[in-house]
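Structure first, commentary second.
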Amino acid sequence: LAYPTGGGTTWIPLAVVILAIAGCAPATAYWIIRWRAARRHLGRPEPPRGRELGQYGLGLVLAALFIVIAVGGAAIDVTADEVPAAGSLPTAVACADFNAWVQAQGDGSGPLAKDPALLAEAQQNAPAGQLSVDLDTLATDVSSSVAAGNSMAGLADQVQAINAMKAVTSDCFG
């Protein structure tokens, strides 16, 4: 999974849920303490305290609030996934294709020619800029290293390709 340079938004729903739990915990603890005290003093008349939510009112209100927060967090997450920030989608797609190409290379014991379609797709999806230049350089270096085979020139091209891979990795992931 490739995130734009500024980061992703998938942490927001989890943060909202954690805040909701942290907000509900003191109210729940207070309710439990009052409930236990009321059970101990059962039978003693208590003076009227004014308007109250009733026996289950506070719990229902907190449950409804929790549901609204959870649904809102999920909606934010879906919206953030469906509508990316301006300009970040082509870079994210190109970086994801590059990452898939790197993983297709396996342990790196052979030439960097496995699944060239992913590298070509990354080149095609890259927006104009340094990422596009570095992906073009990488594709050229990979092609020349494959054409040269295991000769000294081929090994030199592989070293250049590895340096180009480092540049693309830096462009994508900082």
Side-chain angles (χ1 to χ4, degrees), residues 1-26 28 62-174:
L1 181 62
Y3 285 107
T5 305
T9 58
T10 56
W11 61 271
I12 294 174
L14 178 62
V16 169
V17 169
I18 290 173
L19 285 173
I21 291 171
C24 292
T28 304
L62 291 176
L65 180 66
F66 180 72
I67 289 170
V68 167
I69 289 172
V71 170
I76 290 171
D77 188 38
V78 168
T79 304
D81 287 344
E82 296 297 322
V83 184
S88 66
L89 183 61
T91 301
V93 170
C95 290
D97 290 337
F98 167 72
N99 193 31
W101 176 78
V102 169
Q103 290 184 6
Q105 302 315 303
D107 62 1
S109 60
L112 299 171
K114 297 175 187 150
D115 211 350
L118 287 172
L119 186 56
E121 215 172 303
Q123 279 181 277
Q124 182 181 0
N125 290 326
Q130 190 60 44
L131 176 61
S132 179
V133 170
D134 289 341
L135 281 168
D136 291 342
T137 303
L138 175 60
T140 303
D141 291 345
V142 167
S143 295
S144 16
S145 72
V146 169
N150 286 333
S151 66
M152 286 301 272
L155 293 176
D157 287 339
Q158 281 187 15
V159 169
Q160 286 179 330
I162 290 171
N163 288 333
M165 285 173 65
K166 290 178 184 176
V168 174
T169 301
S170 176
D171 294 341
C172 286
F173 307 108

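Just so you know, these numbers use all the heavy atoms, side chains as well, and skip hydrogens, waters and symmetry mates. These numbers come from a predicted model, not from an experiment.
- The line from CZ of Phe98 to CD of Gln103 is 10.5 Å long, rounded to the nearest 0.5 Å.
- No side-chain heavy atom of Trp101 sits less than 4.5 Å from a side-chain heavy atom of Val168.
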Side chains of residues 128-135: which donor-acceptor partners sit under 3.5 Å, not counting sequence neighbours?
{"unit_1": "Gln130", "atom_1": "NE2", "unit_2": "Asp134", "atom_2": "OD1", "d": "2.9"}
{"unit_1": "Gln130", "atom_1": "NE2", "unit_2": "Asp134", "atom_2": "OD2", "d": "3.4"}

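- Here CD1 of Ile21 is found 10.5 Å from OG1 of Thr28. Values are rounded to the nearest 0.5 Å.
- Asn163 is not listed as a side-chain neighbour of Gln160, based on a closest heavy-atom distance of 4.5 Å or more.
- Heavy-atom minimum distance, Leu138 versus Met165: CD1-CG, 3.5 Å.
- Although no hydrogens or angles enter the test, the distance criterion places a donor-acceptor pair under 3.5 Å between the side chain of Ser143 and the main chain of Ala139.
- Not counting sequence neighbours, Asp157 has no partner by the side-chain hydrogen bond (donor to acceptor under 3.5 Å, both in side chains) test.
- When all heavy atoms of Asp141 and Ala164 are compared, the closest pair comes out as OD2-CB, 3.9 Å.
- The CD atom of Gln123 sits 7.0 Å away from the OG1 atom of Thr140 when rounded to the nearest 0.5 Å.
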